[in-house]
Amino acid sequence: MGVPLYQSKAEFFRTLGHPVRIRVLELLGDGPKAVRDLLADVEIEASSLSQQLAVLRRAGVVVSYRDGAAVMYALSGPDVAEVMAAARRFLTAMIAGQAELLDELRDARAATAAAE
């Protein structure tokens, strides 16, 4: 019997659970990039970037290939970009909801202060 789906999903999200990996996936959402370009954008040591790319590659989230002397990385498919977009939408809605709550709390505090 295989691994339960919920366990596989948890492993997938653990793979995404590093800020450098998230940043790399966001950058690759615009299309394939050479390692040197990723290195310039992510601004970490080359060895650290290499380790994070290896994690993403082993998980099947990204693919790598050579283009001349350059090692290129790309998302393994459009679903990866959609997961990143869905996370952005979720966080945007959550932050917007928190902003609305903060406004309500400020309004209530102002009304209380005015009544005193």
Side-chain angles (χ1 to χ4, degrees):
M1 190 160 140
V3 175
L5 180 58
Y6 63 85
Q7 198 168 348
S8 294
K9 285 180 181 179
E11 185 59 37
F12 172 74
F13 284 109
R14 271 193 293 278
T15 298
L16 300 182
H18 192 285
V20 170
R21 291 183 218 143
I22 294 295
R23 182 67 181 131
V24 165
L25 295 176
E26 288 173 341
L27 292 167
L28 294 178
D30 295 332
K33 296 212 179 308
V35 171
R36 69 178 172 271
D37 296 333
L38 290 171
L39 199 52
D41 288 337
V42 177
E43 299 178 355
I44 62 170
E45 302 260 343
S47 61
S48 295
L49 179 60
S50 179
Q51 289 174 350
Q52 300 307 326
L53 289 169
V55 170
L56 292 170
R57 196 174 55 248
R58 280 192 303 271
V61 178
V62 300
V63 295
S64 64
Y65 60 93
R66 286 203 168 275
D67 184 10
V71 176
M72 304 292 292
Y73 276 84
L75 298 179
S76 61
D79 288 342
V80 178
E82 182 53 35
V83 167
M84 299 307 295
R88 187 176 298 114
R89 287 189 304 270
F90 174 78
L91 290 171
T92 299
M94 187 173 68
I95 292 167
Q98 290 172 348
E100 289 173 15
L101 178 58
L102 183 59
D103 289 343
E104 289 175 21
L105 290 170
R106 286 181 178 148
D107 291 346
R109 183 175 60 190
T112 301
E116 293 175 347

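Treat the numbers as computed from the prediction; the structure is a model and nothing was measured.
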Assess whether atom CZ of F90 is packed by more than 12 heavy atoms of other residues, nucleotides or ligands within 6.0 Å. no
Compare all side-chain heavy atoms of L102 with those of Q98 and state whether any distance is below 4.5 angstrom. no
Student check: side-chain heavy atoms of M94 and L91 closer than 4.5 Å: yes
side-chain contact (heavy atoms from CB on, under 4.5 Å) assessment of V83 paired with L25: CA-CA 10 Å; V83 167; L25 295 176; over 6 Å; no
In terms of hydrophobic clustering (I, L, V, M, F, W, Y; side-chain heavy atoms under 4.5 Å; direct or indirect links), are V55 and V63 co-clustered? no
Same cluster for L38 and V20 if Ile/Leu/Val/Met/Phe/Trp/Tyr side chains link at under 4.5 Å? yes
For the hydrophobic clusters of this structure (ILVMFWY residues joined by side-chain heavy atoms under 4.5 Å, transitively), does one cluster hold both F13 and L75? yes
Could you walk me through whether V24 and Y73 satisfy the side-chain contact (heavy atoms from CB on, under 4.5 Å) test, starting with their C-alpha distance in whole Å, then the side-chain angles of each, then the deciding distance to 0.1 Å, before giving a yes or no? CA-CA 9 Å; V24 165; Y73 276 84; over 6 Å; no
Where the side chain of S50 meets the backbone of A46, is there a donor-acceptor pair that is under 3.5 Å apart? no
Minimum heavy-atom separation for A70 to A34, with atom names? CB-CB, 4.3 Å
Once rounded to the nearest 0.5 Å, what's the spacing between atom CE of M84 and atom CG of D79? 13.5 Å
Same apolar cluster: L16 and L27, side chain cutoff 4.5 Å: yes
Membership question, hydrophobic clusters at under 4.5 Å side-chain separation (ILVMFWY): are V61 and V35 in the same one? yes
Contact between L28 and V80 at the side-chain level, heavy atoms closer than 4.5 Å - yes or no? no
Run V71 and R66 through side-chain contact (heavy atoms from CB on, under 4.5 Å) and show every step you take. CA-CA 5 Å; V71 176; R66 286 203 168 275; 3.5 Å; yes
Separation of D41 CG from E43 CD (nearest 0.5 Å): 8.0 Å
Heavy-atom closest pair (S64 atom, R57 atom, distance to 0.1 Å) is OG-CD, 3.4 Å
Write out all pairs satisfying side chain to side chain donor-acceptor pair (under 3.5 Å) with one or both partners inside residues 7-19, taking only residues at least two apart or from two chains. E11-R14
Only pairs at least two apart or in different chains count here, so list each salt bridge (Lys or Arg N to Asp or Glu O under 4.0 Å) that has a residue in residues 21-37. R23-E26
